[in-house]
Number of protein chains: 2
Amino acid sequence: MKHLINNVKIAVNEKTYVKDPESSDLGKRIVQHGIALISEVGFENFTFRKLGTRIGSNESSVYRYFENKHKFLIYLTSWYWGWKEYQLVLHTNSIQDPALKLERALKVITEPVEKDSSFSYIDEAALYQILINEYSKSFLTKEVDRENKEGYFEIYKRMVGRLRDMIWTLKPNYPYPASLASSVLEGAMHQYFLMEHFPSLTDCRDNESLYVFFRHLVFTSLNVQIDD
Amino acid sequence: MKHLINNVKIAVNEKTYVKDPESSDLGKRIVQHGIALISEVGFENFTFRKLGTRIGSNESSVYRYFENKHKFLIYLTSWYWGWKEYQLVLHTNSIQDPALKLERALKVITEPVEKDSSFSYIDEAALYQILINEYSKSFLTKEVDRENKEGYFEIYKRMVGRLRDMIWTLKPNYPYPASLASSVLEGAMHQYFLMEHFPSLTDCRDNESLYVFFRHLVFTSLNVQIDD
DNA sequence: TAACAAATGATAGTAATGCTATTATATTTG
DNA sequence: CAAATATAATAGCATTACTATCATTTGTTA
């Protein structure tokens, strides 16, 4: 994917890091190899010690950028949603027709991630795998309410809000725009997971059928006709 | 909820435990207080040591029943789905009309859990809280494929299968019965979580509106009229 | 270029976790 | 009553999730 604007920085809540990883070479290496390591071994088996060793440094250096691995996960997932939000806006902003706009949004949400060269040290495809496998662990904790108050989930909430507003614009009298929006965003990740590990629990076989499933779900719910 | 049959035992895959907790008083106490402890402190902060202390015993005794806390979680969630499946069958089996049957199934799936006196030592409401907050952690692991092969998720898959078949019976030409079924089961838990922690991401305010949302979602997708 | 600060790296230490192993004490059963 | 079984108590070990300290490198600026 080629960017129109080249100097975009994804803004992530400053509380998620001790020192901005984008501010130094080491910081970027932590993020880059952190993504690779988590997608390889999974979040449970991921440790700052392993990451330090991997980047030819050590634990204490990683701790200078992130308080703990939970905050690191929140940083990564926030970055992802910021990036995805940017894409959503980029691809839907100029569309006037509400139905086309929503359709395009669903396409962006369900399409697989291509490598985005604008953020050279981030492998968005690997990051998406992390989202699918680990995202819910970032909020399914006993600290969720406090962290929510501190703004850790703002970007995701904004993303759901954008989709909700598109639904609302198309059908102002539909009573569940927020529930539908959050169901689609969470559901898309879940269906991807099922495709990979529990194919008997889904009819989707690739991102195209995933898109068609959600498009059908959303547009029939809103009682809007679409062309197949 | 009153049972028609009084001597029902929820069958859980034997590989999830070392020794059947239902076979002894200690085993039942482990399950009973395990549910209470996990719902209090969350799965991350739950340890066998804490559980042992709580039941006036110790770690090693708990290990004689369950290999580790991950298997314990799988045991609990399997038990829950077995119990829920039993309720689903109980409440839908005698219904002939496919639309009414599916509607009733959605009611069972979205309704809050009442205490079921047939399994006196299990607090189903607390267990449901565990499902909402911890269920996805049972399969979002690097071991999911091996564990799936070993049958740890059979009951949940059967549950999704039942819902899928009801959808299929009602609308044989609908192309996504499995995806819709898995979306509803997972989505119901997710929307419950949002109601509690992220009310701005959902329009549901109680189990009734949750039910209405999913009923509308499913029946419009299947192009079947329902009365409100 | 000396001198100082900032960033990074290396090492050590601590409490908690996730176990395993051993032994002692109840409890049940034949 | 003896033997078998279940439970309890204790100890130990590797790993994790940190914190603290000190050494070294790198970068800045007077």
Side-chain angles (χ1 to χ4, degrees), chain A residues 14-34 37-38 40-76 121 134 137-138 140-143 146-147, chain B residues 14-34 37-38 40-76 121 134 137-138 140-143 146-147:
Chain A
E14 295 183 6
K15 290 180 197 161
T16 59
Y17 48 79
V18 179
K19 179 180 172 175
D20 187 355
E22 297 205 41
S23 70
S24 76
D25 190 63
L26 181 65
K28 286 174 191 164
R29 284 162 51 73
I30 287 171
V31 171
Q32 181 182 16
H33 289 91
L37 190 51
I38 292 175
E40 278 170 35
V41 304
F43 189 64
E44 279 71 38
N45 304 116
F46 167 81
T47 69
F48 279 1
R49 186 164 295 184
K50 287 175 190 167
L51 178 55
T53 305
R54 189 175 177 126
I55 60 176
S57 178
N58 63 21
E59 226 182 343
S60 53
S61 297
V62 181
Y63 273 103
R64 249 178 248 117
Y65 284 83
F66 295 98
E67 232 175 287
N68 53 52
K69 71 175 187 170
H70 177 246
K71 290 271 176 76
F72 185 51
L73 180 62
I74 291 185
Y75 175 85
L76 293 180
Y121 65 97
E134 327 287 358
K137 297 170 193 171
S138 74
L140 293 178
T141 69
K142 283 286 164 183
E143 293 75 37
R146 184 179 45 76
E147 292 186 341
Chain B
E14 295 183 6
K15 290 178 197 160
T16 58
Y17 48 80
V18 180
K19 179 180 172 175
D20 187 355
E22 297 207 39
S23 70
S24 76
D25 191 62
L26 181 66
K28 286 174 190 165
R29 284 161 53 73
I30 287 171
V31 171
Q32 181 182 14
H33 289 90
L37 189 52
I38 293 175
E40 278 170 34
V41 303
F43 188 65
E44 281 69 38
N45 304 116
F46 166 81
T47 69
F48 279 0
R49 188 163 296 185
K50 286 174 191 169
L51 178 55
T53 304
R54 189 178 177 122
I55 59 176
S57 177
N58 62 20
E59 226 181 341
S60 53
S61 297
V62 181
Y63 274 103
R64 243 176 267 114
Y65 284 83
F66 294 98
E67 233 175 286
N68 52 51
K69 71 174 186 170
H70 177 245
K71 290 271 176 75
F72 185 50
L73 181 62
I74 291 184
Y75 175 85
L76 293 180
Y121 65 98
E134 327 288 358
K137 296 170 193 170
S138 74
L140 293 179
T141 69
K142 283 286 162 182
E143 292 75 38
R146 183 180 46 74
E147 292 186 341

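Chain identifiers are assigned alphabetically (A, B, ...) following the order of the sequence lines, protein sequences preceding nucleic acid strands; residue numbering begins at 1 within each chain. Any value given below was found using the heavy atoms of this structure, including those in side chains, with hydrogens, waters and symmetry copies removed. Remember, it's a predicted structure, so these values are computed and weren't measured experimentally.
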Asks: Not counting sequence neighbours, which residues clear side-chain contact (heavy atoms from CB on, under 4.5 Å) with Arg54(B)? List them please.
Replies: His33(B), Ala36(B), Leu37(B), Glu40(B)

Asks: Using nucleotides 24-27 of chain D, report all nitrogen or oxygen pairs with the protein that are shorter than 3.5 Å.
Replies:
none

Asks: Take atom CZ of Phe66(A) and atom C1' of dT16(D), then tell me their distance rounded to the nearest Å.
Replies: 20 Å

Asks: Expressed as a whole number of angstroms, how long is the span from His70(A):NE2 to dC18(D):P?
Replies: 11 Å

Asks: Ignoring hydrogens and geometry, is there a side-chain-to-backbone donor-acceptor pair from Lys69(B) to Glu44(B) under 3.5 Å?
Replies: yes

Asks: Nearest-Å distance, CZ (Phe48(B)) to C1' (dA16(C))?
Replies: 16 Å

Asks: In this structure, how many angstroms lie between the P atom of dC18(D) and the CZ atom of Arg49(A), rounded?
Replies: 12 Å

Asks: Can you check the Glu59(A) CD to dT15(D) P distance for me, whole Å?
Replies: 13 Å

Asks: Round to the nearest Å and state the distance from Asn68(A) atom CG to dT16(D) atom C1'.
Replies: 13 Å

Asks: Starting at OG1 of Thr141(B), measure out to CZ of Arg146(B) and round the result to the nearest 0.5 Å.
Replies: 8.0 Å

Asks: Could you check whether Lys137(A) pairs with Glu134(A) (Lys NZ or Arg NE/NH1/NH2 to Asp/Glu carboxylate O, under 4.0 Å)?
Replies: yes

Asks: Between Glu44(A) (CD) and dT17(C) (C1'), how many Å, whole number?
Replies: 15 Å

Asks: Rounded to whole Å, please give me the gap between NZ in Lys69(B) and C1' in dC19(C).
Replies: 12 Å

Asks: Side chains of Val18(A) and Lys71(A), heavy atoms from C-beta outward: is any pair under 4.5 Å?
Replies: no

Asks: How about Gln32(A) and Lys28(A): do any of their side-chain heavy atoms sit closer than 4.5 Å?
Replies: no

Asks: Would you mind reporting whether Val62(B) and Phe72(B) have side-chain heavy atoms less than 4.5 Å apart?
Replies: no

Asks: Using the 3.5 Å cut-off, write out each protein N or O paired with an N or O of nucleotides 5-8 of chain D and the distance between them.
Replies:
| from | atom 1 | to | atom 2 | distance (Å) |
| --- | --- | --- | --- | --- |
| dT7(D) | OP1 | Tyr65(B) | OH | 3.3 |
| dT7(D) | OP2 | Lys19(B) | NZ | 3.3 |
| dT7(D) | OP2 | Tyr65(B) | OH | 2.9 |
| dA8(D) | OP2 | Ser57(B) | OG | 2.4 |
| dA8(D) | OP2 | Ser61(B) | OG | 3.3 |
| dA8(D) | N7 | Arg64(B) | NH2 | 3.1 |

Asks: Please examine the side chains of Tyr65(A) and Leu26(A), heavy atoms only from C-beta on, and report whether any two atoms are closer than 4.5 Å.
Replies: yes

